[in-house]
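Here's the structure, in structure tokens; my notes come after.
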Amino acid sequence: MEKYKYVIVGNGIAGLRAADTIRQEDKTSSMLMISEEPYLSYSRPLISYLIGNEIKYDKMFYHDQEWYDNMNIKLSMGKSATKFEPIHNKLALSDGTEIGYEKLLIAVGGKGSIPDIPGRNLKGIFTFTHLDTAKEIQQMIKGGAKRAFVLGGGLVGLKAAQGLADAGVDVTVVISSGQVLSQLLDETAAALIKRRLDRKGIRVILNTAVVEVFGGDKVEGVILESGDEHYCDMVVFAKGVRPDLKYIKDTEIKTNYGIIADNHMNTNIPNVWAAGDCTETYEEAFGKTTTNLVWPRASEQGKVAALNMMGIPKEYRGWFWMNSFQFYGLSCISVGNVRPHGGRFEVMINQNLREGIYRKVVLQDDKIIGALFVGKITTIGTINGLIKKQIEVTGHKEDILEDKLALLVF
């Protein structure tokens, strides 16, 4: 049985950040990184840009093989960890190899899910979380696929739609709620994003769901809740990403929705840590223990886990909720609480919807707790700092939505 001081299961951003952090302090201890996929670590947020031909394949990867060699990181690619035995400090790979470790980081990420509906196993159905998916979609487009349905109106779904549309595919997005990006935007901001998608030919159908995919051995179309049939060549399920726990649930490692980790990213097993989309942690921005499937959070957790694995105390306090994105030149940033409920909040808005500009700031007790900017995102850096430091803006409220706020010293 091969033995290592550090074993990292998963080569997404959490695992990669952990490996890099360890090597900054410990250059020589043995380290193994295990990847279920046969690829070096790559950027999952770039998958839509690869499909849309905005970037080349080689730009997907964070580092080349030489970097891993120079960092003394051994790779095991194309093999999954299929059996964890944390009490015995070992695990087994899909090829039967047994691996021993002193310290283990589980950073296996999340998996896209497909609902249990008729036709769910037809050829041409995809989730949107892996590089192999992008390759298969590209092959289908080259083979003549012209129409796609994307199910899900979150950031993953809309980016999938944009990538497919940029590749020349006719795209329809189906959303069960009444707006796009319902977890990030209010109705006004969502309407601006939807309008931009409409102008680019991406159709959005709200307040419904796909109840069936039909076809012979491959996708030929979908049926909506209304009974309407729509013909298409492929279906992308881009909602319902869940922590990947398939090989962990029957072990001594405690799980709920995700792997339960404390503020040092430690599991209930002393020498086992977890980081990234597979984890469930206390998030200060939400005031509760939850998953929070965003790239910066996974990166931060990987760093915190690595430091604690080396015996350097570091706390994870939760990732401050912030998302920035762009659709066809329309920029949007959402920070903190942008959809407050109740009468304890003050909401300030400056908008020019005709020009696609919407700026909203939410205050509580004269402190900014959320900001949502679409189209014109100047001063967001200053506002972000005010939110994080919870500084009162009494006497400056009239400047909050103006560019001169950037001159405020705090």
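None of these values were measured; they are calculated from a predicted model. All heavy atoms count here, side chains included; hydrogens, waters and symmetry mates do not.
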(message) Taking side-chain hydrogen bond (donor to acceptor under 3.5 Å, both in side chains) as the definition, give me every residue that meets it alongside Glu2, ordered by chain and number, with sequence neighbours left out.
(response) Tyr4, Lys74
(message) Holding to side-chain contact (heavy atoms from CB on, under 4.5 Å), I want the full list of residues that pass it with Asp116, two or more places apart in sequence or in another chain.
(response) Arg120
(message) If the threshold is 4.0 Å, N to carboxylate O, is there a salt bridge linking Lys360 and Asp186?
(response) yes
(message) Salt bridge or not between Arg317 and Glu283? Use side-chain N to carboxylate O under 4.0 Å.
(response) no
First locate atom [atom1] of [X], then atom [atom2] of [Y], and finally report the distance between them rounded to the nearest 0.5 Å.
X: Met310; Y: Arg23; atom1: CE; atom2: CZ; answer: 10.0 Å
X: Leu330; Y: Tyr358; atom1: CG; atom2: OH; answer: 13.5 Å
X: Ser41; Y: Trp67; atom1: OG; atom2: CH2; answer: 7.5 Å

(message) Strictly distance-based, threshold 3.5 Å: is any side-chain N or O of Glu136 a donor or acceptor partner for the main-chain N or O of Thr133?
(response) no
(request) Answer with yes or no whether the side chains of Glu280 and Thr291 bring together a donor and an acceptor at under 3.5 Å. (result) no
(message) Between Glu37 and Tyr42, is there a side-chain donor-acceptor contact under 3.5 Å, judged purely by atom types and distance?
(response) yes
Give the ring-plane orientation class for [X] versus [Y], where under 30° counts as parallel, over 60° as perpendicular and anything between as tilted.
X: Phe61; Y: Tyr57; result: perpendicular
X: Tyr68; Y: His63; result: perpendicular
X: Phe214; Y: Tyr231; result: perpendicular

(request) Apply the test side-chain hydrogen bond (donor to acceptor under 3.5 Å, both in side chains) to residues Gln326 and Ser331: give CA-CA distance (whole Å), side-chain angles for both, the deciding distance (0.1 Å), then the verdict. (result) CA-CA 4 Å; Gln326 184 182 91; Ser331 298; 3.0 Å; yes
Return all side-chain donor-acceptor pairs below 3.5 angstrom for residues 188-201, not counting sequence neighbours, or 'none' if the list is empty.
unit_1: Lys194; atom_1: NZ; unit_2: Asp198; atom_2: OD2; d: 3.1
unit_1: Arg195; atom_1: NH1; unit_2: Leu353; atom_2: O; d: 3.3
unit_1: Arg195; atom_1: NH2; unit_2: Leu353; atom_2: O; d: 2.6
unit_1: Arg196; atom_1: NH1; unit_2: Tyr328; atom_2: O; d: 2.8

(request) Begin with the C-alpha distance, continue with both residues' side-chain angles, and end with the deciding distance and a verdict on side-chain hydrogen bond (donor to acceptor under 3.5 Å, both in side chains) for Lys159 and Tyr49. (result) CA-CA 8 Å; Lys159 280 299 181 181; Tyr49 297 97; 3.0 Å; yes
(message) Applying side chain to side chain contact (heavy atoms under 4.5 Å, CB included) to Ile205 and Ile175, what does each step give before you reach the verdict?
(response) CA-CA 6 Å; Ile205 304 176; Ile175 304 173; over 6 Å; no
Do any side-chain atoms of residues 301-308 form donor-acceptor pairs under 3.5 angstrom with protein atoms, and if so which ones, sequence neighbours left out?
unit_1: Gln301; atom_1: OE1; unit_2: Gly276; atom_2: N; d: 2.8
unit_1: Gln301; atom_1: OE1; unit_2: Thr279; atom_2: OG1; d: 2.9
unit_1: Gln301; atom_1: NE2; unit_2: Thr281; atom_2: OG1; d: 3.3
unit_1: Asn308; atom_1: OD1; unit_2: Lys314; atom_2: N; d: 3.2
unit_1: Asn308; atom_1: ND2; unit_2: His264; atom_2: O; d: 3.4
unit_1: Asn308; atom_1: ND2; unit_2: Val304; atom_2: O; d: 2.8
unit_1: Asn308; atom_1: ND2; unit_2: Lys314; atom_2: O; d: 2.7

(request) Evaluate the side chain to side chain contact (heavy atoms under 4.5 Å, CB included) criterion for residues Val347 and Val361: first the C-alpha distance (whole Å), next the side-chain angles of each, then the deciding distance (0.1 Å), finally the verdict. (result) CA-CA 6 Å; Val347 178; Val361 170; over 6 Å; no
(request) Evaluate side-chain hydrogen bond (donor to acceptor under 3.5 Å, both in side chains) for Ser113 paired with Arg242, printing each intermediate quantity in order. (result) CA-CA 7 Å; Ser113 60; Arg242 299 178 61 90; over 6 Å; no
(message) So, applying side chain to side chain contact (heavy atoms under 4.5 Å, CB included) with Trp273, which one of Leu105, Thr267, Ile106 is it?
(response) Leu105
Let me have the donor-acceptor pairs involving side chains of residues 75-89, under 3.5 Å, with sequence neighbours excluded, atom names and distances please.
unit_1: Lys79; atom_1: NZ; unit_2: Asp95; atom_2: OD2; d: 3.1
unit_1: Thr82; atom_1: OG1; unit_2: Ala92; atom_2: O; d: 3.4
unit_1: Asn89; atom_1: OD1; unit_2: Asn271; atom_2: ND2; d: 2.9

(request) Quick one: which residue pairs count as a ring pair (Phe, Tyr, Trp, His ring centres under 6.0 Å) with a foot in residues 114-140, not counting sequence neighbours? (result) none
